[in-house]
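What follows is a single structure, written as structure tokens, with notes after it.
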Amino acid sequence: MKVLSTAWVGVFACLIICFSLGCTESATKTNNDGTAQNQISKEEIKRHLEELSSDKYEGRKPFSRTEGITIEYIKNEFESMGLLPANNGSYYQEVPMMEITSHPAETMQITTKSGDFDLRFNDDYVIHADKTVDDISINDAELVFCGFGINAPEKNWNDYAGVDMKGKVAVVLVNDPGFGSENEEFFKGDIMTYYGRWTYKYEEAERQGAKGLLLIHETTSAGYPWFVPQSSWTGALLSLTREDNSTGCDMKGWLHLDAAKKLFSSCDLDLPAMIKSARKPGFKPVPMNASVSTSLTNDYKFDSSKNVAAYIKGKKEPDDFIVYTAHWDHIGVGQVVNGDSIYNGALDNASGVATVMAIAKSFSEMKEAPDRSVLFLMVTAEEQGLLGSEYYAKNPLFPLENTVCNLNMDGVNPIGEMNDLTITGIGHSDMDEIAEEVAKTQDRYVLPEQEPEKGYFFRSDHFNFAKAGVPALYAEGGYDHREKGKEYAQEMRNKYTTDNYHRPSDEYDEATWNFDGMIQDGQLYLDIGLKLANSQRWPVWYDGSEFKAARDMKG
Ligand SMILES: [Zn+2]
């Protein structure tokens with residue numbers, strides 16, 4: 001889901017220049033066949049990217065008719081590289097999931113003291129269910145404004161304090177109260193904590209026993225425009241199966257900001273004032289004296305999708321693993337935009353899969369295997385809530401305590417080389433230092449995450465490794481274009497977020513994609529993995545990181 005620039009700039013990609021700038025150390029080594037050793041191949045990246053983002057794969061949605069050809073393509077490539085199957089002779093790891101398609105009624109009726117009105121599905125709100133119940137009706141359920149929807153005992157903070165949410169629908173704000181507070185100690189200031197993520201809000205509403213949850217969408221705080229909830233939280237949605245799949249909220253979803261304004265004003269509540277009070281300690285939930293009625297019918301099925309996993313066995317410490325990840329899935333076929341309904345996901349994340357496959361190829365061609373083992377894990381269902389990596393973290397093919405680190409790629413820079421290496425979630429572990437050492441060999445400097453308020457650290461697969469205590473790196477160049485500077489890089493990022501992110505226009509275009517940045521980041525990831533694979537080093541979490549405890553427990 002990572003946002004990166006996808007500018008279709010036609011700059012001639014020159015491998016020679018890249019190699020001489022980027023990787024002087026190993027530039028002279030060659031394989032027996034004369035090809036460069038320990039180098040990322042542009043042709044490999046391009047070949048995989050072109051293939052996986054083509055219309056033939058129909059946007060690579062798990063469970064869809066093109067899942068099979070997607071995972072088979074990856075598997076065949078791994079096999080032809082001579083990589084070993086990671087799951088008892090199989091390259092696949094089954095990920096049991098359920099797929100629920102909710103069909104919400106066209107409207108939602110709101111009853112308030114100053115009058116009733118309807119909100120329209122899609123324009124004003126989106127909702128879905130993630131339980132296996134055929135028909136759901138919500139009849140005059142009370143609406144309660146529950147601030148940021150956060151219950152954090154360690155911070156002495158409870159937005160649900162004193163309210164029994166049974167039968168009620170919570171209306172909550174995105175992000176967390178620290179956002180915009182200019183106080184780093186308050187939550188984490190502008191850095192989004194996990195409490196700011198929609199996944200957390202869904203989880204907490206369930207724990208509170210609420211009938212429903214409506215998140216007020218606001219572009220800056222959410223980090224993405226309304227189009228994203230519209231495209232990502234409608235249609236068929238996947239989740240990992242649970243012990244009892246019929247429990248939980250009746251509806252979860254999002255309210256458009258304009259609809260929220262209308263709702264609050266007809267309840268005689270001032271939204272800006274409500275937001276202000278929600279950001280103060282001691283906030284108490286506010287009954288809105290309003291109710292909501294609507295209904296949904298649901299179709300559901302159980303099925304399993306697959307992670308694809310292959311590895312190279314280390315020659316000295318075969319039980320220790322470096323794990324590369326990239327999600328192979330995207331969002332499939334959806335709403336038509338400008339005459340196109342295939343969400344190809346070229347940047348998101350055919351680019352990551354292609355680059356990790358090029359890294360795998362490079363490892364496979366090394367004259368000697370590295371000391372430690374290296375796992376290449378292409379996970380499923382990232383777009384539906386990081387499900388493939390969540391499943392892997394809960395059911396690892398090799399023990400997590402022997403997993404040295406995770407190196408994740410999601411959306412690899414298509415606009416050319418960068419001077420920066422921007423680390424998302426910087427400050428958690430000394431993976432930062434390792435990345436910086438390698439970045440210096442490419443004449444690059446490290447930048448902390450530039451938009452920490454958007455919570456990107458929680459938005460791709462490395463997060464599930466971090467949550468399970470495995471130090472993880474998620475980094476890429478993206479803010480300081482080597483030839484065209486910072487403004488250009490920013491402009492391209494913005495353009496991607498507005499025009500292409502989770503849209504059918506996230507497509508590969510031979511004329512405009514520049515592979516130099518992908519080669520640069522791919523080389524960096526290859527060098528980091530190789531460095532750790534040939535060392536005894538165990539990356540560590542810094543004191544104060546919320547992920548340290550999980551690693552310490554594993555001893
Ligand atoms: Zn992605």
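Just so you know, residue 1 is the first one in the sequence shown, and it goes up from there. First listed ligand is number 1; within each ligand, the first listed atom is number 1.
The existence of a salt bridge linking Glu67 and Lys61 is excluded, since no basic side-chain nitrogen approaches an acidic carboxylate oxygen closer than 4.0 Å.
Under the 3.5 Å distance criterion, with hydrogens and angles disregarded, no donor-acceptor pair is assigned to the side chains of His330 and Asp506.
Here the N, O or S atom of Asp410 that is nearest to the Zn ion (ligand 1) is OD1. When you scan the N, O or S atoms of Asp348 for the one nearest the Zn ion (ligand 1), you land on OD1.
Residues passing the side chain to side chain donor-acceptor pair (under 3.5 Å) test with Glu510 are Lys46, sequence neighbours excluded. With sequence neighbours left out, the ring-ring contact (aromatic ring centres under 6.0 Å, His included) criterion links Trp541 to Phe547.
Residue contacts to the Zn ion (ligand 1): His330 brings no N, O or S atom closer than 2.8 Å.
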